[in-house]
Each structure stands twice: as structure tokens, then as C-alpha cells.
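Notes follow once the structure below has been shown.
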Amino acid sequence: MSTRDANDMPIQYDPAFTLDERVAVYRCIHTRRDVRGQFRPDPVPDEVLARLLEAAHHAPSVGFMQPWDFIIVRDPAVKRKVHAAFAQAHAEAAEMFEDEQRERYRRLKLEGILDAPVGICVTCDRARAGKVVLGRTHQPEMDLYSAVCAVENLWLAARAENLGVGWVSILDYDALRQALGIPPEIQPIAYLCVGAVTHFYAKPELEVTGWRRRLPLHDLVWFDGWHKRTGKEPLLDAIG
Ligand SMILES: Cc1cc2c(cc1C)N(C[C@H](O)[C@H](O)[C@H](O)COP(=O)(O)O)c1[nH]c(=O)[nH]c(=O)c1N2
């Protein structure tokens with residue numbers, strides 16, 4: 001079998017996923033969880049961390065911009081700075097909810113910054129590929145979305161490595177910049193707590209605690225236009 005196309009471009013030699021591989025990919029997607037309170041202190045070996053970063057670095061990016069950097073946080077003193085930034089934002093956030101919901105918010109565990117053996121901050125260098133970027137000409141925020149794609153790749157790879165990841169976004173960007181020495185022109189995207197876990201929950205914690213339920217996919221699918229559906233589409237039956 002040729003490994004080059006008619007234009008001499010290299011092609012994938014064995015492109016089809018086997019059934020087992022396909023099952024594994026979907027299992028990874030469906031069992032990935034946001035982990036907050038179940039971290040174990042065991043260090044994450046460098047070769048595993050390297051695989052997670054490779055996975056992140058192979059995410060799609062607008063114009064192949066690869067706008068990300070990855071700050072690895074292991075020093076407890078640095079983690080404490082990030083945690084202080086979280087505590088400040090968390091207190092402010094609680095005030096934004098009303099009455100009974102505020103109390104419920106306060107009871108939620110929403111980060112594992114000090115418990116997780118590693119933190120990874122994913123950032124976005126918005127100027128990395130110059131002023132005019134292929135694919136970003138009309139949607140300037142595409143570089144930010146690209147960095148988020150890297151986060152998701154890392155999150156899924158971590159699940160496949162049996163590691164938990166928790167995204168902490170209850171953080172003021174400038175406070176996070178200060179804690180990690182991130183220059184002002186670099187946009188922090190995600191602070192991720194990463195590590196081995198005691199267990200993965202079967203469902204999102206926000207679902208189990210009654211904060212919010214998973215919406216039926218059936219109600220979110222439309223055809224050939226916003227909010228168009230006859231109700232007889234076989235795809236909707238297939239979704240269930
Ligand atoms: C952009 C973004 C930002 C955050 C999150 C996610 C994403 C995508 N999530 C996790 C979020 O609550 C979680 O993904 C959903 O509740 C669904 O649960 P599973 O991820 O399926 O376990 C999250 N969780 C948390 O405890 N503290 C946080 O600050 C955040 N921030």
C-alpha cells in the first residue's frame with residue numbers, strides 16, 4: 001500500500017480504527033470527569049506528563065498557530081499563591097449567587113489546587129503567528145478556542161492514563177498572571193489540577209449534587225436552520 005498520495009503527500013498507513021480502539025476512545029470521552037476532591041499525592045512521572053503535553057500539543061489550532069504554552073506547577077509555594085487567588089475569586093463568586101444557591105455554592109468543592117501533585121497552566125500567545133492568521137481573519141477569538149482544544153486533548157489523554165484533571169476557572173486572570181509570572185501580553189486559558197485519583201465519579205459532580213442536570217441531547221439538535229425540526233427525523237430516534 002502506498003504511503004503517499006498523487007501529490008507525494010504522506011498519508012496515514014493504517015487509518016482505520018479497530019472496534020476495540022473505537023470503544024476505548026468513546027469510553028475515554030464518556031468517563032472523563034472534572035476532578036476536584038479525589039486527588040492522591042503520588043507524583044506524576046515525567047514520561048506520563050510528557051505524553052499529556054504531546055497530546056495537548058497535537059490539538060487543532062487556527063492557522064496551525066499552536067498558540068499555547070504550558071506552565072508546570074509542582075512547587076507547593078507556587079500552588080499556595082494560585083490557591084490564594086482562587087480563595088479570593090471564590091469568595092467574590094459566592095456573593096454573586098442569591099440566597100439558598102449561595103449556600104449551596106459554598107458547599108461545593110471546586111478545586112484541588114493544593115491536593116493535586118501537578119498543576120498545568122495552559123496559556124495563549126495571541127501574537128504567535130503575526131497579525132493576520134489564516135482562519136482568524138473574521139473570528140479573532142479563534143486562537144483562544146485553539147488553546148481550549150489543547151486543554152481537552154490533555155484532559156482526555158489524562159483519563160486514558162488513569163489520571164484526573166480538574167479545571168479551575170474561579171481565578172482572576174491578573175492574579176493568576178502574578179502567581180505564575182505570566183507576562184501581560186499572554187492570556188491564561190486554563191489552570192488544570194492533574195494527578196492520580198482515588199476514584200472517578202460516574203457522573204459530573206454538579207449533576208450528582210443537584211446543581212444542574214445533563215440536558216437531553218435530543219432537545220439540542222436542529223435541522224437546516226436554528227430551531228427547525230419536524231419531529232420525524234430518524235437521527236432524533238437514534239439519539240433516543
Ligand atoms: C471552561 C471550564 C471551566 C471550568 C470547568 C469546566 C470547563 C469546561 N469546570 C468543570 C465543570 O464543572 C465540569 O466539566 C462539568 O460540571 C461537567 O462535569 P464532568 O467534566 O463531565 O465531570 C470547573 N469545575 C470546578 O469545580 N471549578 C471550576 O472552576 C471549573 N471551571
Side-chain angles (χ1 to χ4, degrees), residues 25-40 52 55-56 59-61 67-68 70-71 73 79 81-97 101-116 118-124 141-177 179-180 187-217 219-220:
V25 169
Y26 285 115
R27 187 159 99 81
C28 188
I29 289 170
H30 289 292
T31 62
R32 181 210 51 77
R33 284 277 80 80
D34 185 68
V35 174
R36 302 101 187 245
Q38 305 86 46
F39 286 109
R40 295 191 337 204
L52 301 189
S61 62
W68 41 71
F70 305 98
I71 305 169
V73 180
K79 286 183 191 168
K81 284 189 198 170
V82 176
H83 189 267
F86 163 80
Q88 167 80 30
H90 186 242
E92 292 165 4
E95 295 304 319
M96 297 176 194
F97 294 100
Q101 216 186 9
R102 180 181 306 153
E103 292 316 308
R104 287 176 61 211
Y105 175 82
R106 286 200 175 115
R107 282 197 295 273
L108 294 170
K109 167 82 172 154
L110 295 173
E111 53 77 37
I113 298 165
L114 299 176
D115 311 329
V118 192
I120 302 178
C121 182
V122 181
T123 60
C124 179
E141 67 281 17
M142 286 303 120
D143 53 341
L144 304 174
Y145 296 172
S146 302
V148 175
C149 290
V151 173
E152 177 70 346
N153 264 18
L154 189 152
W155 211 335
L156 290 171
R159 181 63 189 87
E161 299 279 0
N162 299 310
L163 294 176
V165 170
W167 185 330
V168 187
S169 59
I170 306 162
L171 286 166
D172 176 76
Y173 283 134
D174 284 334
L176 186 59
R177 279 198 182 91
L180 298 178
Q187 177 64 46
I189 298 295
Y191 186 88
L192 305 171
C193 304
V194 181
V197 297
T198 51
H199 54 273
F200 287 99
Y201 283 118
K203 292 182 170 183
E205 276 184 71
L206 291 187
E207 188 171 5
V208 175
T209 54
W211 184 266
R212 208 169 148 75
R213 68 189 172 88
R214 189 178 298 284
L215 303 173
L217 174 58
D219 292 348
L220 306 175

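First listed ligand is number 1; within each ligand, the first listed atom is number 1.
Between Lys109 and Gly37, the closest heavy-atom pair is CE-CA, 3.8 Å. Closest of all the heavy-atom pairs between Asp34 and Glu205 is O-OE2, 3.8 Å.
Other residues, nucleotides and ligands contribute more than 12 heavy atoms inside 6.0 Å of the CZ atom of Arg104.
Sorted by chain then number, the residues whose non-hydrogen atoms approach ligand 1 to under 4.0 Å are Arg32, Arg33, Asp34, Arg36, Leu110, Trp167, Val168, Ser169, Ile170, Pro204, Leu206.
Aromatic ring pairs are classed by plane angle as parallel below 30°, tilted from 30° to 60° and perpendicular above 60°; the pair His83 and Phe86 is tilted. Using cut-offs of 30° and 60° on the angle between ring planes, the pair Trp211 and Tyr105 is tilted.
Put simply, the side chain of Asn162 reaches to within 4.5 Å of the side chain of Arg159, judged on heavy atoms.
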